[in-house]
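A short worksheet on the structure shown next.
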Amino acid sequence: MLFDFIRTNFVKTLLTNKDNMDKFIIEGGNKLKGRVHISGAKNGALALMPATILAPGTYHQKNTPNLRDVWTMSRLLSSMGIFCELNENDLFIDSSGISSFEAPYDHVKKMRASFYVLGPLVARFGEARVSLPGGCAWGPRPVDLHLKGLEKLGAEVTLEGGYVQAKAKRLIGAKIHLDVSSVGATGNILMAATLAEGSTLISNAALEPEITALARMLVKMGAKINGIGTNLLEIEGVGELHPVDEENIPDRIEAATFLIAAAMTKGTVELENVNPYHLTSVLTKLEETGCKLDVNGNNILLEMEDEPLPVDLTTAVYPGIPTDIQAQWLAYMLLANGTIKITDNIYQDRFKHVPELQRLGASIEIIENIAIVNGAKRLSGATVMSSDLRASASLILAGLVTEGKTEVLRIYHIDRGYENIESKLTKLGASIHRVKTELF
Ligand code: UD1
């Protein structure tokens, strides 16, 4: 009964949110004040969920954010015969009944993280057919490292009709060096290697906390992994794994977004349920801009009284500054008096938010992968368009400080990765309203 109720409501939520074109209307000028609970990490959940393919049985994943990308992953797993139920932030999965080894284009085109199912499927079932993700709003995002890694593990990888097909009787351990420290490739190869015969070495592995969290879950499932938290992962393959319950880590990008929002509005905000260690580089940068920070266990209190000092930013792999906060930082630096250089070394073209911020009065020039901000210009409300998840976050942040009303269109992008962003901001004192625009 309870499960039926939960399932019905889950499906209702999915339908209500289906491809709507909601917009936000934001009145700038309110200081943010109060406490905000940070949700579980989107990118954490998207790695933990496909790991359930590796062993049949039931899983309870706590602190799973209730947001669109998680729904997309649930739908993908369900289409393969895996039972998924999300009850608020408790995700229940039963992977006993997998009947299909395919990830169709419809799911993968919505979310690249769908590609994560490739490694576990081929490792456990010896075959997988996964659509190639294609491009992304801000440029090419290849998957060559995922495929090279699986080939090294002995899979026969072919491309046909836009789909990657991978086959192997049993994967065999190998030495794999990632030319680029890719989060997705590390996760995919790591999951595959847990069930391979013999040992696998992944060098230049991603260090992102979401990968460490995945590795920890795999170890609980019975995988043998050495070097967790370093860029050299050593995996000794095992014959089988078992299901486990796991708690997802807090979302460091959501946390950083709220800290920047608080600083922009000269507010006083306390974040709850964060891992400050995961935010070390971001907290240091915020302090350089003049913010006062107080870290207490899993809480971070930020106070800001003045306009920020101009502080350059360069994105890098963890523990460097995440590319996922580049857009928000850019919005922040619109308030600083000076010239600020913001360099994205991970995604060279990730500047779709710039022309939209210019509509609000920002002065920004792009030279290759560097945005040069001439800060402290007057910002006034306008209608702007979201192009991707973090770009939408930067437009919302800018809307909080512009004079007058800002309308942010196509906010389905923000719904992919932020749980209840408007109610969290409203609780902190922002004036932000969702306007539903039904297509039919
Ligand atoms: C993940 C995150 C995303 C974040 C990104 C970088 C998830 C679901 N998404 O994406 O939010 O912005 O990490 O921190 O966790 N690359 C290749 N070949 C490949 C794979 C990647 O050249 O096969 C390159 C990319 O073009 C990019 C760099 O590696 O320049 C990092 O990308 P990667 O870490 O793979 O990003 P994702 O895992 O897709």
Side-chain angles (χ1 to χ4, degrees), residues 40-51 64-65 67-70 72-73 76 107-108 110-119 130 132-152 157 159 164 176-192 202 204-215 231 248-249 251-254 256-257 278 281-282 314-329 343-353 369 388-394 413-414 416-418:
K42 168 183 83 79
N43 290 347
L46 295 179
L48 301 189
M49 291 169 74
T64 301
L67 42 78
R68 193 179 275 260
D69 272 7
V70 166
T72 302
M73 182 61 87
L76 168 62
H107 294 290
V108 184
K110 285 198 187 99
M111 187 186 68
R112 295 175 50 83
S114 308
F115 211 67
Y116 263 141
V117 301
L118 181 66
V130 177
L132 266 181
C136 163
W138 70 77
R141 288 178 75 183
V143 287
D144 56 316
L145 297 171
H146 301 237
L147 303 183
K148 272 189 206 156
L150 290 176
E151 274 180 335
K152 278 240 167 170
V157 178
L159 178 66
V164 171
I176 297 163
H177 175 76
L178 298 178
D179 291 332
V180 184
S181 170
S182 153
V183 174
T186 304
N188 229 335
I189 297 165
L190 172 64
M191 287 191 271
I202 309 176
N204 199 26
L207 291 168
E208 271 66 6
E210 294 75 21
I211 290 297
T212 303
L214 168 65
N231 56 12
N248 185 22
I249 58 172
D251 197 312
R252 61 200 168 98
I253 307 300
E254 188 200 14
T257 305
H278 294 164
S281 59
V282 178
T314 301
T315 68
V317 295
Y318 187 83
I321 301 287
T323 172
D324 286 350
I325 70 144
Q326 175 260 107
Q328 299 90 314
W329 194 267
T343 309
D344 200 324
N345 282 331
I346 307 295
Y347 293 112
Q348 316 266 318
D349 301 326
R350 195 178 193 176
F351 290 113
K352 289 276 185 225
H353 39 291
N369 64 330
D388 62 77
L389 172 57
R390 307 303 170 188
S392 335
S394 82
H413 290 292
I414 200 107
R416 286 187 56 182
Y418 288 85

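Only this structure's heavy atoms are used, side chains among them; waters, hydrogens and symmetry mates stay out. Ligands are counted one by one from 1 in listed order, and the atoms in each one are counted from 1 as well.
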Problem set entry | 4.0 Å heavy-atom contact, His146 with ligand 1 | yes
Exercise. Among Leu389, Asn43, Ile346, Asp179, which one has a heavy atom closest to atom 7 (C) of ligand 1?
Worked result: Asn43
Problem set entry | Per-residue contact class, Arg350 against ligand 1 - non-hydrogen pairs under 4.0 Å | side chain
For this session: Please report the C-alpha distance between Ile253 and Gln328 in whole Å, then the side-chain angles of each, then the deciding distance to 0.1 Å, and finally whether the side-chain contact (heavy atoms from CB on, under 4.5 Å) criterion is met.
Result: CA-CA 10 Å; Ile253 307 300; Gln328 299 90 314; 4.2 Å; yes
Seminar exercise, completed: Closest heavy-atom pair, Ala45 versus Pro50, reported as atoms and distance to 0.1 Å, is O-CD, 4.4 Å
Seminar exercise, completed: Checking heavy atoms under 4.0 Å, the part of Val180 that sits near ligand 1 is side chain
For this session: Mark the output for Ala185 as yes if a heavy-atom distance to ligand 1 is under 4.0 Å, and as no if none is.
Result: no
For this session: Report, in ascending order of atom number, the atoms of ligand 1 lying under 4.0 Å from any heavy atom of Val143.
Result: 19 (C), 23 (O)
Problem set entry | For ligand 1, the portion of Leu145 having any non-hydrogen atom under 4.0 Å away | both
Problem set entry | side-chain hydrogen bond (donor to acceptor under 3.5 Å, both in side chains) between Arg390 and Tyr418, worked out | CA-CA 10 Å; Arg390 307 303 170 188; Tyr418 288 85; 3.1 Å; yes
Problem set entry | Residues Asp324, Arg350: salt bridge by 4.0 Å N-O rule | yes
For this session: Mind running salt bridge (Lys or Arg N to Asp or Glu O under 4.0 Å) on Arg252 and Glu210 for me, showing each step along the way?
Result: CA-CA 10 Å; Arg252 61 200 168 98; Glu210 294 75 21; 2.9 Å; yes
Seminar exercise, completed: Numbered in order shown, the ligand 1 atoms found under 4.0 Å of a heavy atom of Thr323 are 6 (C), 12 (O), 14 (O)
For this session: Might you point out which heavy atoms bring Pro65 and Val70 nearest each other, and give the distance in Å?
Result: O-CG2, 3.4 Å
For this session: Provide the closest heavy-atom pair for Pro142 versus Arg112 in the form atom of the first, atom of the second, distance.
Result: O-NH2, 3.6 Å
Problem set entry | Asp144 and ligand 1 - part of the residue with a heavy-atom distance under 4.0 Å | both
Exercise. Applying the side chain to side chain donor-acceptor pair (under 3.5 Å) test to Asn345, which of Asn369, Thr323, Thr315 qualifies?
Worked result: Asn369
Exercise. Do Tyr347 and ligand 1 have an N or O pair less than 3.5 Å apart?
Worked result: yes
Exercise. Which pair of heavy atoms, one from Ile346 and one from Ala316, lies closest together, and at what distance?
Worked result: CD1-C, 3.7 Å
Exercise. Looking at ligand 1, does any of its N/O atoms fall within less than 3.5 Å of an N/O of Ser182?
Worked result: yes
Exercise. Short N/O distance, under 3.5 Å, between Leu46 and ligand 1?
Worked result: no
For this session: State the atoms of ligand 1, each with its element, that fall below the 4.0 Å cut-off from a heavy-atom position in Gly184.
Result: 35 (O), 38 (O)
Seminar exercise, completed: ligand 1 to Asp324, heavy atom cutoff 4.0 Å, flagged ligand atoms 3 (C), 4 (C), 11 (O), 12 (O)
